[in-house]
Amino acid sequence: LLSRPYLGRMVLQIIGIVVCSVGMLLSLLLGLWQVLPLQSDEPSPTPAETPTGGVPGRTIDLETWKRLQQQRPSPSQKPDQ
């Protein structure tokens, strides 16, 4: 059963099966993470808690980000003094 010519082939097959199994598990985890995103217990930051860089501490879609950028005055538009 474990003669010399077949031992190397069997080891390669076992390694291949392990690599494919790990890949399938990682794909499953990625799919579950995409479908069921993790939600934190912390409330969403208010505009006052938004960092100075203008990037909120939570993920938002592009349209919401554009709307928020239009509502805020940009640093280049300083009020007349």
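Sequence positions, counted from 1, serve as the residue numbers for this chain.
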Rounded distance [0.5 Å steps], CD in Q69 versus OG1 in T64: 11.5 Å
Going by chain and number, the hydrophobic cluster around M24 (ILVMFWY, side chain to side chain under 4.5 Å) further includes none
Tell me whether V19 is reachable from L26 by hopping between hydrophobic residues (I, L, V, M, F, W, Y) whose side-chain heavy atoms are closer than 4.5 Å. no
Distance (rounded to the nearest 0.5 Å) between C20 SG and L25 CG: 11.5 Å
Output all residues satisfying side-chain contact (heavy atoms from CB on, under 4.5 Å) with L30, sequence neighbours left out; order by chain, then residue number. W33, Q34
Side-chain donor/acceptor pairs under 3.5 Å, residues 7-18, sequence neighbours excluded:
none

